[in-house]
Number of protein chains: 2
Amino acid sequence: MTHFGEYVRTCRERLRAADPRFSVRQVAARIDVEPAYLSKVERGEVAPPSEATTVKLAAELGEDPDMLLALAGKVSSDLQEIIKKRPRLFADLIRALKAAPDKAVLRLVREVRDGNW
Amino acid sequence: MTHFGEYVRTCRERLRAADPRFSVRQVAARIDVEPAYLSKVERGEVAPPSEATTVKLAAELGEDPDMLLALAGKVSSDLQEIIKKRPRLFADLIRALKAAPDKAVLRLVREVRDGNW
DNA sequence: CGTCATGTGTCGTATATAGTACACAGGCGG
DNA sequence: CCGCCTGTGTACTATATACGACACATGACG
């Protein structure tokens with residue numbers, strides 16, 4: 001769908017330049033998948049991995065898990081759980097923010113963080 | 001998982017008391033599934049239907065689609081799309097709001113609706 | 001009393017998801 | 001030149017998802 005694999009490969013090769021432990025085989029071993037599978041994932045020959053595997057991969061590459069999950073076409077299940085507990089509330093909020101500029105959303109995040117309630 | 005089926009059955013029977021067109025068979029026909037399947041869904045014998053079918057069902061029963069999807073253990077794909085476009089931003093916001101009282105979330109919704117940006 | 005609609009039990013299936021297992025060619029280091 | 005690590009091609013599989021098709025017993029109704 002997206003360039004998930006391409007992105008992962010770029011990240012991995014960049015890390016590899018400084019550390020040979022970031023080969024396909026060794027990374028695959030650390031995130032508990034077969035090397036051939038990771039290879040296919042990086043070349044987009046198969047769909048992006050499951051949420052669990054994607055999160056492990058993000059940790060391995062030092063990338064943001066939510067961002068990598070998004071590239072994989074997924075939304076973290078813990079976020080989904082939060083939404084499912086108050087569907088109407090969160091549905092309204094998210095749809096209302098669909099067209100809002102980043103700055104506005106960011107401001108809301110800060111506002112909430114500062115315990116503004 | 002939850003009492004999705006139970007809830008649907010209750011809604012349907014309530015409507016049926018006023019209108020005989022809300023039998024399992026007729027509702028099933030209107031949302032394009034087999035009666036036997038809807039029956040099993042309502043009794044929790046099988047998992048809740050797909051997003052598309054759940055949304056049709058919500059419309060048929062006059063229920064909120066996001067709420068019914070939540071009962072089905074799902075989050076509307078259009079919400080997921082919004083989140084996936086700005087994963088870090090929305091992830092932060094949603095997690096920050098996890099423990100916030102309904103009132104606070106509601107206030108944010110209004111704030112945004114009033115074009116506060 | 002026949003028929004018509006109702007709910008439901010049984011069995012089967014198509015598609016997607018998320019990988020594994022194995023083998024093989026190429027390059028590099030000693 | 002040999003062993004080792006590298007990436008990758010091919011083939012297969014297990015589990016979940018989301019239903020359909022058909023048959024059958026039951027009860028109301030005209």
Side-chain angles (χ1 to χ4, degrees), chain A residues 1-2 4-58 60-61 65 68-69 71-77 80, chain B residues 1-2 4-58 60-61 65 68-69 71-77 80:
Chain A
M1 206 174 267
T2 33
F4 175 85
E6 199 185 320
Y7 182 85
V8 168
R9 172 143 297 191
T10 304
C11 288
R12 191 182 50 74
E13 303 230 297
R14 185 169 48 237
L15 290 168
R16 193 189 192 184
D19 186 342
R21 296 179 63 247
F22 285 90
S23 68
V24 168
R25 275 171 187 269
Q26 296 196 38
V27 170
R30 288 196 293 274
I31 65 171
D32 306 307
V33 297
E34 291 291 312
Y37 179 60
L38 179 56
S39 172
K40 277 177 284 194
V41 165
E42 289 193 354
R43 286 170 298 127
E45 203 192 290
V46 301
S50 68
E51 174 171 351
T53 298
T54 301
V55 169
K56 284 193 222 169
L57 188 52
E60 189 61 33
L61 299 177
L68 209 61
L69 280 171
L71 272 182
K74 314 193 182 201
V75 170
S76 175
S77 56
Q80 303 206 32
Chain B
M1 203 170 267
T2 34
F4 175 84
E6 199 184 319
Y7 183 84
V8 168
R9 173 143 295 192
T10 305
C11 287
R12 190 181 52 75
E13 303 229 298
R14 185 169 49 237
L15 289 169
R16 194 190 192 184
D19 185 342
R21 296 179 62 247
F22 287 89
S23 69
V24 167
R25 275 171 186 271
Q26 297 195 36
V27 169
R30 288 197 293 275
I31 65 170
D32 305 308
V33 298
E34 290 292 312
Y37 178 60
L38 178 57
S39 172
K40 278 176 285 193
V41 165
E42 289 193 353
R43 285 170 298 127
E45 202 192 289
V46 301
S50 68
E51 174 171 351
T53 298
T54 301
V55 169
K56 285 193 221 170
L57 188 53
E60 188 61 34
L61 300 177
L68 209 61
L69 279 172
L71 272 183
K74 314 192 182 200
V75 170
S76 176
S77 56
Q80 303 206 31

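Here is how names work: the chains are called A, B, and so on, in the same order as the sequence lines, proteins then strands, and each is numbered from 1.
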Which whole-number value in Å describes the distance from Asp19(A) CG to dC5(D) C1'? 16 Å
Picking from Val46(B), Val24(B), Val8(B), what satisfies side-chain contact (heavy atoms from CB on, under 4.5 Å) with Val41(B)? Val46(B)
Would you tell me if any nitrogen or oxygen in the side chain of Arg16(A) comes within less than 4.0 Å of OP1 or OP2 on dG7(D)? yes
Nearest-Å distance for atom pair CD/P, residues Glu45(B) and dC11(C): 12 Å
Between Lys74(A) and Glu51(A), the two heavy atoms sitting closest are NZ-N, 4.2 Å
Heavy atom of residues 20-39 of chain A under 4.0 Å from DNA chain C: which residues? Asp32(A), Val33(A), Glu34(A), Ala36(A), Tyr37(A)
Looking only at non-hydrogen atoms, find the nearest pair between Thr53(B) and Val33(B) and report the distance. CG2-CG1, 3.9 Å
Restricting to side chain to side chain donor-acceptor pair (under 3.5 Å), what partner residues turn up for Glu60(A), sequence neighbours left out? Arg30(A)
Judged by nearest nucleotide, the residue sitting upstream toward the 5' end of DNA chain C, Lys40(B) or Arg12(B), is Arg12(B)
Measure CZ/Arg43(B) against C1'/dG7(C) and give the value in whole Å, please. 8 Å
Does a side-chain N or O from Ser50(B) land closer than 4.0 Å to OP1 or OP2 of dT17(D), or not? no
Phe4(A) and Pro48(A): which non-hydrogen atoms are nearest, and at how many Å? CD2-CB, 3.9 Å
Output a table of donor-acceptor pairs, distance under 3.5 Å, between side-chain atoms of residues 12-20 of chain B and any protein atom two or more places apart or on a different chain; print 'none' if there are none.
| from | atom 1 | to | atom 2 | distance (Å) |
| --- | --- | --- | --- | --- |
| Arg12(B) | NE | Glu42(B) | OE1 | 3.4 |
| Arg12(B) | NE | Glu42(B) | OE2 | 2.6 |
| Arg12(B) | NH1 | Phe22(B) | O | 3.0 |
| Arg12(B) | NH2 | Glu42(B) | OE1 | 2.9 |
| Asp19(B) | OD1 | Arg21(B) | N | 2.9 |

Using atom NZ of Lys74(B) as one end and atom P of dA16(D) as the other, report the distance to the nearest whole Å. 15 Å
